[in-house]
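Computation of the quantities below employed the complete heavy-atom set of this structure, encompassing side-chain atoms and omitting hydrogens, waters and symmetry-equivalent molecules.
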Amino acid sequence: VQLQASGGGLVQPGGSLRLSCAASGRTFSSLIMGWFRQAPGKEREFLAAVSLSGSTTSYAESVKGRSTISRDNARKTIYLQLDSLKPEDTAVYYCAASSSWSKYESAYASWGQGTQVTVSS
């Protein structure tokens, strides 16, 4: 599967963004989908994952309560709604696909190109 992330940009602290990740290929609905991010000088970190049907989700503590991951299998797209953004949320955000339920980067075989999110006043 090929993934294309979009929706990043410059947002003020306290603002919101919705990231999208469009997939191509027939296997989308059979894949666990996740979002990761990588800030400058830091390792890539897991943010959220969504199950095949979208009924089960998991979040990292860093974004729990202020983010929502969802998927639309008909559109082959996943989303990450980010609210109450902080300067420390500044990073490149990546979507990824896995055949297993995991928060570990190594479990995700397909990656989007990343979209930059900058939180600054």
Side-chain angles (χ1 to χ4, degrees):
V1 64
Q2 293 185 325
L3 305 174
Q4 178 81 27
S6 62
L10 175 64
V11 62
Q12 292 187 341
S16 298
L17 276 178
R18 188 174 83 152
L19 306 181
S20 299
C21 175
S24 61
R26 297 182 178 182
T27 60
F28 176 77
S29 60
S30 66
L31 294 169
I32 304 297
M33 298 298 297
W35 285 99
F36 291 73
R37 70 183 178 189
Q38 187 167 22
K42 295 187 177 181
E43 294 185 353
R44 191 150 55 183
E45 66 167 324
F46 168 81
L47 295 179
V50 61
S51 62
L52 305 185
S53 67
S55 60
T56 301
T57 57
S58 177
Y59 297 93
E61 286 299 320
S62 58
V63 296
K64 188 178 291 184
R66 58 188 188 94
S67 68
T68 303
I69 187 172
S70 59
R71 68 189 296 163
D72 183 336
N73 285 340
R75 297 180 184 270
K76 296 184 180 179
T77 301
I78 65 167
Y79 306 95
L80 184 67
Q81 175 71 34
L82 298 167
D83 300 315
S84 303
L85 284 162
K86 309 171 186 179
E88 51 263 46
D89 292 317
T90 295
V92 178
Y93 285 68
Y94 298 89
C95 55
S98 175
S99 58
S100 61
W101 186 255
S102 176
K103 64 179 181 179
Y104 296 105
E105 186 179 342
S106 59
Y108 290 78
S110 299
W111 292 82
Q113 86 289 358
T115 185
Q116 176 71 47
V117 172
T118 301
V119 184
S120 175
S121 56

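Both V11 and L19 are part of a single hydrophobic cluster, where members link through side-chain heavy atoms under 4.5 Å apart. Hydrophobic clustering, with ILVMFWY side chains joined whenever heavy atoms are under 4.5 angstrom apart, groups V1 together with V50. Residue W111 is grouped with residue W101 when hydrophobic side chains (ILVMFWY) are merged at heavy-atom distances under 4.5 angstrom, including chains of intermediate members.
In this structure, the separation between CG on D89 and OG1 on T118 is 11.0 Å, given to the nearest 0.5 Å. Summarising the geometry, atom CG belonging to L31 is positioned 8.5 Å from atom CG belonging to L3; distances are rounded to the nearest 0.5 Å. Going from atom CG of D83 over to atom OG of S16 covers 3.5 Å, rounded to the nearest 0.5 Å. Here the CD atom belonging to Q116 is positioned 11.0 Å from the CD atom belonging to Q38, to the nearest 0.5 angstrom. Expressed to the nearest 0.5 Å, how far CE of M33 lies from CZ of R71 amounts to 6.5 Å. A distance of 8.0 Å separates OG1 of T27 from NZ of K76, quoted to the nearest 0.5 Å.
When atom types are taken as modelled, the side chain of R66 and the backbone of S62 share a donor-acceptor pair closer than 3.5 angstrom. Side-chain N or O atoms of Q113 include one that pairs as donor or acceptor with a backbone N or O of A5 at under 3.5 Å. A donor-acceptor pair under 3.5 Å links the side-chain atoms of S98 to the main chain of A107, judged by distance alone. No donor-acceptor distance shorter than 3.5 angstrom exists from the side chain of S121 to the backbone of Q12, with no hydrogens or angles considered.
Residues S20 and T77 come closest through the heavy atom pair CB-CG2, 4.4 Å. Annotation for S29 and L52: closest pair O-CB, 3.7 Å, computed over non-hydrogen atoms. For the residue pair G7 and T115, the shortest heavy atom distance occurs at N-OG1, 4.0 Å.
Note on residues 45-60: pairs passing side chain to side chain donor-acceptor pair (under 3.5 Å), not counting sequence neighbours, are R37-E45, S53-S55.
In this structure the side chain of L10 reaches within 4.5 angstrom of the side chain of S120, judged on heavy atoms. Residues V117 and L17 have side chains in contact (heavy-atom distance under 4.5 Å, counting atoms from C-beta outward). Annotation: side chain of W35 is in contact with side chain of C21 (closest heavy-atom distance under 4.5 Å). Using a 4.5 Å cut-off on side-chain heavy atoms (C-beta onward), S67 and L47 make no contact. Between L80 and T68, the closest side-chain pair of non-hydrogen atoms is not below 4.5 Å.
Y93 pairs by the ring pair (Phe, Tyr, Trp, His ring centres under 6.0 Å) definition with nothing, not counting sequence neighbours.
Residues Y108 and F36 place their aromatic rings such that the two centres sit under 6.0 Å apart.
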Item to check | side-chain contact (heavy atoms from CB on, under 4.5 Å) between E105 and Y94, worked out | outcome: CA-CA 11 Å; E105 186 179 342; Y94 298 89; over 6 Å; no

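Atom CD of E88 is surrounded by more than 12 heavy atoms from other residues, nucleotides or ligands within 6.0 Å.
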